[in-house]
Peer 1: 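I'd like to ask you about the structure that follows.
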Amino acid sequence: QQQVKQSPQSLIVQKGGISIINCAYENTAFDYFPWYQQFPGKGPALLIAIRPDVSEKKEGRFTISFNKSAKQFSLHIMDSQPGDSATYFCAASRNNFNKFYFGSGTKLNVKP
Amino acid sequence: DAGVTQSPTHLIKTRGQQVTLRCSPISGHKSVSWYQQVLGQGPQFIFQYYEKEERGRGNFPDRFSARQFPNYSSELNVNALLLGDSALYLCASSLRLAGDNEQFFGPGTRLTVL
């Protein structure tokens, strides 16, 4: 059973546009939701993370929106740039455990 | 300051063989986790070690084992390799055990089983 479901599988956005990636989870015990960015040949790197006590967190061009009742969270990339082209993974974990459940990934391609 | 390092970078093995992958965490990090990332999928949790003790195990067969050394480096061992074990194996280190502290991933070891 997949604990975290991610969509879309791939995304093409024009430079300057908004990229939106969605994730849904089942386990209500999850209380930490990070997003990772992965470039080819590299390991994932933490982009931004949120706890369920807030509905939104913004860091620069990246925003996480969190809907606890719907058990959904999303990543918004504003003013998308070609350098943002990468694979993005959402993840979830319980605070007492360092076991992360990852989504299946979204390959973002930002066209110049 | 060096990040998480993993060796080797690439590895080719045949079915039935055994493999050992190595990870050096960021200096000062006491937690090391291992993940398997099959092409086109997200990483899947294999093990977590903290202060040299196993603290978590994912849904992987007993062919997979790991250990952490006094210097906090870690090894992942896979016995009796299967074709399906072909994947990128990622090591991640973090300061603490808890889930809300940042995990830093290494570049991974690409294992190909023929």
Side-chain angles (χ1 to χ4, degrees), chain A residues 1-10 21-25 27 29-54 57 59 64 66 75 86-108, chain B residues 2-7 9-10 21 23-26 29-51 53-60 68 74 87-110:
Chain A
Q1 180 188 5
Q2 194 173 0
Q3 299 267 2
V4 179
K5 294 182 180 180
Q6 183 172 347
S7 64
Q9 188 174 11
S10 62
I21 305 171
N22 301 299
C23 283
Y25 63 97
N27 191 342
F30 289 149
D31 55 9
Y32 179 67
F33 302 90
W35 283 90
Y36 285 84
Q37 180 188 56
Q38 186 176 27
F39 292 103
K42 303 285 188 180
L46 179 65
L47 197 58
I48 186 173
I50 197 168
R51 297 291 302 274
D53 50 350
V54 295
K57 183 175 181 180
E59 289 184 2
I64 299 179
F66 189 84
L75 175 69
T87 300
Y88 292 81
F89 294 96
C90 61
S93 73
R94 294 167 57 184
N95 191 39
N96 290 333
F97 301 93
N98 222 359
K99 177 179 181 179
F100 284 73
Y101 294 89
F102 282 82
S104 54
T106 296
K107 189 171 184 179
L108 172 64
Chain B
V4 177
T5 59
Q6 292 185 244
S7 63
T9 305
H10 295 89
L21 312 180
C23 171
S24 292
I26 292 173
H29 286 194
K30 298 180 179 180
S31 173
V32 170
S33 297
W34 287 94
Y35 289 82
Q36 181 196 64
Q37 186 176 19
V38 173
L39 195 62
Q41 296 183 20
Q44 287 213 343
F45 176 81
I46 309 175
F47 286 110
Q48 185 199 16
Y49 277 77
Y50 180 74
E51 288 280 18
E53 290 188 7
E54 181 184 304
R55 294 302 191 104
R57 174 184 284 255
N59 189 24
F60 280 81
Q68 187 177 32
S74 177
L88 180 68
Y89 288 84
L90 295 164
C91 172
S93 77
S94 58
L95 271 172
R96 302 185 305 274
L97 179 63
D100 66 347
N101 71 121
E102 183 174 354
Q103 288 197 99
F104 294 83
F105 283 85
T109 293
R110 173 72 63 187

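First the proteins, then the strands, lettered A, B, ... as listed; each starts at 1. Computation of the quantities below employed the complete heavy-atom set of this structure, encompassing side-chain atoms and omitting hydrogens, waters and symmetry-equivalent molecules. The model shown is predicted, which means the values in this text are computed figures rather than measured ones.
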Peer 1: Which bit of B:Arg110 is near chain A, if near means a heavy-atom gap under 4.5 Å: side chain, backbone, both or neither?
Peer 2: neither
Peer 1: Is the centre of the A:Tyr36 ring less than 6.0 Å from the centre of the B:Phe105 ring?
Peer 2: yes
Peer 1: Counting only heavy atoms closer than 4.5 Å, note whether A:Gln6 contacts chain B via side chain, backbone, both or neither.
Peer 2: neither
Peer 1: Could you check whether B:Ser31 and B:Gln48, counting side-chain N and O atoms only, form a donor-acceptor pair closer than 3.5 Å?
Peer 2: yes
Peer 1: Tell me, yes or no, whether the heavy-atom count around A:Gln9 atom CD, taken from other residues, nucleotides or ligands under 6.0 Å, exceeds 12.
Peer 2: no
Peer 1: Does a donor on one side chain sit under 3.5 Å from an acceptor on the other, for B:Gln37 and A:Gln38?
Peer 2: yes
Peer 1: For chain A, which of B:Pro107, B:Pro43, B:Gly40 has the most heavy-atom pairs under 4.5 Å?
Peer 2: B:Pro43
Peer 1: Is any side-chain heavy atom of B:Phe45 closer than 4.5 Å to a side-chain heavy atom of B:Phe60?
Peer 2: no
Peer 1: Is chain A contacted by the side chain of B:Thr9, its backbone, both, or neither, given a heavy-atom distance below 4.5 Å?
Peer 2: neither
Peer 1: May I ask you to test the A:Phe39-A:Thr87 pair for a side-chain heavy-atom distance under 4.5 Å?
Peer 2: no
Peer 1: Using non-hydrogen atoms only, which part of A:Phe33 is less than 4.5 Å away from chain B: side chain, backbone, both, or neither?
Peer 2: neither
Peer 1: What part of B:Tyr50 is in contact with chain A, defined as an atom under 4.5 angstrom from a non-hydrogen atom: side chain, backbone, both or neither?
Peer 2: neither
Peer 1: Pick one of side chain, backbone, both or neither for B:Gln103, based on which atoms fall under 4.5 Å of a heavy atom in chain A.
Peer 2: both
